[in-house]
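Before any comments, here is the structure.
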Amino acid sequence: QLQLVESGGGLVQAGGSLRLSCAASGRISSTYFMAWFRQAPGKERVFLAGITWSGNLRTYGDSVKGRFTVSRDSAKNTVYLQMNSLKPEDTALYYCAVDTAGSSTMANRYNYWGQGTQVTVSS
């Protein structure tokens with residue numbers, strides 16, 4: 001079993017930056033794909049970025065390419081999402097998730113989820 005705990009969300013002005021953290025506990029395989037999703041009220045959960053625990057593959061969603069960077073620190077069992085040039089449309093609940101079988105961008109392929117951390121970007 002894996003447990004994921006997100007932190008780092010908050011209120012920021014447009015153009016600002018935030019770094020989200022996802023602390024993982026439990027057994028983590030180097031093949032696991034650690035991803036970030038977000039969900040705005042009334043909308044579907046959207047893939048943002050992901051990285052294999054080994055660090056050899058990173059994938060980004062089109063809406064955040066060039067603005068967001070995913071990374072991991074295996075010594076701390078933590079995955080990060082650095083978010084720059086934030087826009088009001090980035091306002092959402094941000095989730096960390098793990099795909100144990102691949103590197104999907106589809107939320108229904110993910111086995112483990114954190115509780116989410118709220119990001120609000122003011123204009």
Side-chain angles (χ1 to χ4, degrees):
Q1 289 287 337
L2 282 179
Q3 290 187 326
L4 305 172
V5 179
E6 301 97 334
S7 61
L11 174 64
V12 63
Q13 288 189 333
S17 298
L18 281 175
R19 188 178 78 157
L20 305 184
S21 299
C22 173
S25 60
R27 183 179 175 275
I28 305 172
S29 168
S30 61
T31 61
Y32 285 0
F33 192 67
M34 320 288 289
W36 288 94
F37 286 78
R38 69 185 178 196
Q39 187 168 22
K43 296 191 176 180
E44 293 185 350
R45 203 164 286 193
V46 176
F47 174 84
L48 301 176
I51 185 170
T52 50
W53 193 245
S54 64
N56 64 353
L57 173 66
R58 300 181 197 214
T59 305
Y60 292 93
D62 289 341
S63 63
V64 302
K65 280 181 181 176
R67 298 191 300 128
F68 292 9
T69 302
V70 63
S71 62
R72 96 278 182 256
D73 184 334
S74 55
K76 296 183 178 180
N77 272 13
T78 300
V79 177
Y80 302 98
L81 185 68
Q82 177 66 43
M83 306 187 296
N84 299 328
S85 303
L86 284 163
K87 307 173 184 179
E89 50 264 43
D90 292 319
T91 295
L93 192 59
Y94 283 67
Y95 295 93
C96 175
V98 175
D99 181 353
T100 61
S103 55
S104 177
T105 60
M106 305 296 291
N108 61 6
R109 298 295 299 273
Y110 282 72
N111 314 83
Y112 299 97
W113 291 87
Q115 82 289 350
T117 185
Q118 179 67 38
V119 172
T120 303
V121 184
S122 63
S123 56

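Values below: every heavy atom of this structure, side chains too, minus hydrogens, waters and symmetry copies. Sequence positions, counted from 1, serve as the residue numbers for this chain.
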Got Leu86 and Phe68 here, is their nearest side-chain heavy-atom distance under 4.5 Å? yes

Does the side chain of Val79 reach to within under 4.5 Å of the side chain of Trp53, using non-hydrogen atoms? yes

Tell me if the CD atom of Gln3 is crowded by more than 12 foreign heavy atoms within 6.0 Å. no

Leu81 and Ala49: which non-hydrogen atoms are nearest, and at how many Å? CD1-CB, 4.1 Å

List the atom pairs, donor and acceptor, that lie under 3.5 Å between side-chain atoms in residues 6-20 and the rest of the protein, sequence neighbours left out.
from  : atom 1 : to     : atom 2 : distance (Å)
Glu6  : OE1    : Gln115 : N      : 3.0
Glu6  : OE1    : Gly116 : N      : 2.9
Glu6  : OE2    : Cys96  : N      : 2.7
Glu6  : OE2    : Gly116 : N      : 3.3
Ser17 : OG     : Asn84  : OD1    : 2.9

Can you check whether Arg38 reaches Asp90 side chain to side chain, under 4.5 Å on heavy atoms? yes

Has Tyr60 got a side-chain atom pairing as donor or acceptor with Gly66's backbone, closer than 3.5 angstrom? no

What pair of heavy atoms forms the shortest contact from Ala40 to Thr91, and how long is it? CB-O, 3.9 Å

Search all heavy atoms of Ala35 against all heavy atoms of Phe47 and return the closest pair with its distance. CB-CE1, 3.8 Å

Given 3.5 Å as the limit, does a donor-acceptor pair link the side chain of Arg72 with the main chain of Ser54, or not? yes

Any donor-acceptor pair under 3.5 Å from Arg45 side chain to Gln39 backbone: no

When every non-hydrogen atom of Tyr80 is compared with those of Asp73, the smallest separation belongs to CE1-CB, 3.9 Å

Is atom CZ of Arg67 surrounded by more than 12 heavy atoms (other residues, nucleotides or ligands) closer than 6.0 Å? yes

Side-chain heavy atoms under 4.5 angstrom apart, residues restricted to Ile, Leu, Val, Met, Phe, Trp, Tyr: same cluster for Phe37 and Tyr32? no

What pair of heavy atoms forms the shortest contact from Ser63 to Leu48, and how long is it? OG-CD2, 4.5 Å

Hydrophobic clustering (ILVMFWY, side-chain heavy atoms < 4.5 Å, transitive) - are Val64 and Val46 grouped together? no

Treat each ILVMFWY residue as a node, draw an edge where side-chain heavy atoms are under 4.5 Å apart, and state whether Leu4 and Met83 are in one component. yes

Applying a strict under-4.5 Å side-chain criterion to I, L, V, M, F, W and Y, I'd like to know whether Tyr112 and Ile28 cluster together. yes

salt_bridge(Lys65, Asp62) N-O dist < 4.0 Å: yes

What is the minimum heavy-atom distance between Ser21 and Thr78, and which atoms define it? CB-CG2, 4.1 Å

Assess the side chains of Thr100 and Asn111: does a donor N or O sit below 3.5 Å from an acceptor N or O? yes

Do Leu57 and Phe33 make a side-chain contact, defined as non-hydrogen atoms from C-beta onward lying under 4.5 Å apart? yes

What about the rings of Tyr95 and Tyr110, do their centers lie closer together than 6.0 Å? no

Is there a side-chain contact between Arg58 and Ser71 (heavy atoms, below 4.5 Å)? yes

